[in-house]
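Below is one structure; the comments refer to it alone.
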There are 2 protein chains.
Amino acid sequence: MTGTTPPKIVSPADNLSFECAQESCGFRGDECICRPMHNHFDKAQLRAARTLELNEGDQLAPEDFPEPVVFAVLTGVIAVESHLSDGRRSLLTLRLPGEYLDMNRADRHASGEVVALAPTSVKLLPRTVFEELLLLDANLRRIYWRRATDIMHQQFDHSSDLGKKTPTERMASFIFELRNRLNIPRFVEEFALPISRQSIADYLGLRAETVSRVFKGLEKEGLIKLVSKHQLAIIDFKGLRKIANGSRPRLSNHR
Amino acid sequence: MTGTTPPKIVSPADNLSFECAQESCGFRGDECICRPMHNHFDKAQLRAARTLELNEGDQLAPEDFPEPVVFAVLTGVIAVESHLSDGRRSLLTLRLPGEYLDMNRADRHASGEVVALAPTSVKLLPRTVFEELLLLDANLRRIYWRRATDIMHQQFDHSSDLGKKTPTERMASFIFELRNRLNIPRFVEEFALPISRQSIADYLGLRAETVSRVFKGLEKEGLIKLVSKHQLAIIDFKGLRKIANGSRPRLSNHR
DNA sequence: CGGAAACTTGAATTCCGTCAAGCGAGGTGG
DNA sequence: CCACCTCGCTTGACGGAATTCAAGTTTCCG
């Protein structure tokens with residue numbers, strides 16, 4: 001745990017606070033697992049679900065989840081972080097509110113630590129409970145198997161960004177990715193950037209300076225507007241979309 | 001289908017060729033699903049599993065699998081391929097013999113086509129059958145859920161490669177990735193590169209020329225030896241491993 | 001108000017991508 | 001069998017774009 005304060009563990013009250021009323025599981029709508037949990041499990045198991053409040057920069061140490069867990073993000077942002085031997089940092093994947101992260105091997109620091117990129121609250125659910133629940137409920141199973149492949153495709157897209165896109169293209173791509181995953185309504189063009197420039201850079205394989213410059217460049221072209229440092233408005237959706245799809249190669253000619 | 005010849009569909013014989021004898025499902029050892037298939041399903045379902053023979057460059061069109069399928073690679077290599085609007089090619093993920101690829105949304109060309117990078121034979125299994133099998137067999141379920149997260153971690157590692165590693169580091173990393181996934185025994189230092197330079201480049205986010213140069217460079221340093229164009233020997237495991245973990249940054253000073 | 005951290009801006013450097021040419025193995029047909 | 005072609009790979013030279021390094025500037029806290 002590296003943050004300034006240890007994460008505050010909020011245990012559910014005994015009266016089954018895990019019940020669905022406030023969507024306390026972290027999942028919304030069809031994906032909510034509170035009701036099926038309530039139907040299938042006893043109090044002890046329900047109580048196994050904890051809430052963690054994290055500050056920006058807090059890392060989740062293996063001690064925080066000795067058994068494999070599923071994280072469900074309520075608010076904020078978490079990421080899987082890895083460091084090369086000389087200190088270079090990468091953010092391998094992000095999870096925004098309403099999304100979940102399955103880290104069944106975090107204890108073995110297989111390929112990264114879980115870290116909060118902003119003030120965040122997450123639900124922790126023992127993986128065994130999550131799996132058992134999926135076995136019991138065919139509908140949930142369908143929904144979560146579908147989500148698992150969505151996550152994989154998201155990861156594919158990210159690889160495509162990192163592999164063959166220019167910094168400008170990556171940033172454009174990232175802006176749309178954020179917008180979609182934050183569920184910003186179609187007609188709203190302004191939204192908040194929930195993470196720092198440095199984190200954006202580490203997620204996109206760039207330097208913070210480059211992120212800054214690209215933002216500035218996109219703004220100068222009238223594609224976006226930086227309302228404030230962490231408030232972004234998309235001005236020209238079409239133009240930005242084009243760039244995101246690869247209309248800004250390094251040099252016009254290639255193969 | 002873009003290859004020279006259409007893929008040859010090899011239907012299993014009626015006498016349940018899907019039975020486990022030859023590990024005909026494509027999965028080995030514990031992962032073999034032939035026996036549980038045989039126990040749980042009737043002939044019609046077993047027959048739903050097809051084998052496809054692909055030439056290098058063959059793409060699997062949606063017509064080839066109208067329903068979601070799971071590919072199991074018997075021999076060769078397949079990849080998920082995507083193209084940016086101006087033609088840049090990326091290989092988002094690779095699958096080597098004994099591995100499987102779950103493309104339940106290929107019909108929607110969500111994020112790429114499946115393509116063979118070498119002469120390949122794959123088993124196709126309807127996803128519904130695969131899922132049903134996992135529901136019926138707790139042991140298999142455990143094995144495959146574990147594999148799914150392994151695949152995700154593999155993708156994470158790959159993102160780390162693409163995001164913050166130099167070309168030399170990526171190549172070193174890739175050499176080990178291949179070696180591991182091909183199950184090359186610990187004491188064997190020589191093995192075959194199953195894909196072309198161009199494919200390596202597209203997988204690692206580099207140019208074919210760079211791949212060539214890095215190979216040459218690593219060879220000059222005595223870390224590897226290119227026995228032939230597609231036969232590689234690792235000379236200095238330790239040194240190469242160090243590079244893979246990030247000991248060769250762009251410039252010594254950073255941050 | 002003060003200090004630190006995050007972000008921006010500027011200038012220099014370098015490394016990889018680009019372009020172009022050369023090489024070599026494999027296949028084909030005469 | 002050899003000339004020829006093709007395609008994948010290698011090698012070289014060069015330039016530009018992103019990183020690096022360094023110095024501001026702003027923002028956000030306490």
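These numbers were taken from a predicted model, which means no experiment stands behind them. All chains are named by letter (A, B, ...) in the order of the sequence lines, taking the proteins before the strands, and each is independently numbered beginning at 1.
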Nearest whole angstrom, please: distance from the [atom2] of [N] to the [atom1] of [X].
| X | N | atom1 | atom2 | value |
| --- | --- | --- | --- | --- |
| L206(B) | dC15(C) | CG | P | 15 Å |
| I200(B) | dT10(D) | CD1 | P | 9 Å |
| R207(B) | dT11(D) | CZ | C1' | 16 Å |
| E169(A) | dA17(D) | CD | P | 13 Å |
| D86(A) | dT20(D) | CG | P | 10 Å |
| E209(A) | dG10(C) | CD | C1' | 11 Å |
| R250(A) | dC16(C) | CZ | C1' | 6 Å |
| K229(A) | dA6(C) | NZ | P | 12 Å |

May I ask you to evaluate whether [X] reaches the phosphate of [N], defined as a side-chain N or O under 4.0 Å from OP1 or OP2?
| X | N | answer |
| --- | --- | --- |
| T210(B) | dC16(C) | no |
| R213(B) | dT11(D) | no |
| R197(B) | dT10(D) | yes |
| K216(B) | dT11(D) | yes |
| H230(A) | dT27(D) | no |

> Mapping I195(A) and G205(B) onto DNA chain C by nearest heavy atom, which one lands closer to the 5' end?
Replying inline: I195(A)
> About how many Å separate CG of L193(B) and OG of S199(B), when rounded to the nearest 0.5 Å?
Replying inline: 11.5 Å
> How many angstroms lie between atom CD1 of I184(B) and atom CD of E190(B), to the nearest 0.5 angstrom?
Replying inline: 10.0 Å
> If you fit an axis to the five pairs at each end of the helix from dC1(C)-dG30(D) to dG30(C)-dC1(D), how big is the angle between those two axes, to 10 degrees?
Replying inline: 40°
> To the side chain of P167(A), which of dT10(D), dA18(D), dG17(C) is closest?
Replying inline: dA18(D)
> Taking atom types as they are modelled, is there a donor-acceptor pair under 3.5 Å from the base of dC7(D) to the side chain of Q198(B)?
Replying inline: no
>> Check E169(A) with R88(B), please: is the shortest side-chain N to carboxylate O separation under 4.0 Å?
In response: yes
> With no hydrogens and no angle check, do the side chains of T210(A) and R170(A) hold a donor and an acceptor under 3.5 Å apart?
Replying inline: no
> Do S90(B) and E81(B) get their side chains close enough for a donor-acceptor pair, meaning under 3.5 Å?
Replying inline: no
>> Between R207(A) and V211(A), is there a side-chain heavy-atom distance shorter than 4.5 Å?
In response: no
>> Ring centres under 6.0 Å, that's the criterion: do Y203(B) and F174(B) meet it?
In response: yes
>> Can you work out whether S212(B) or R170(A) has the more 5'-proximal nearest nucleotide on DNA chain D?
In response: S212(B)
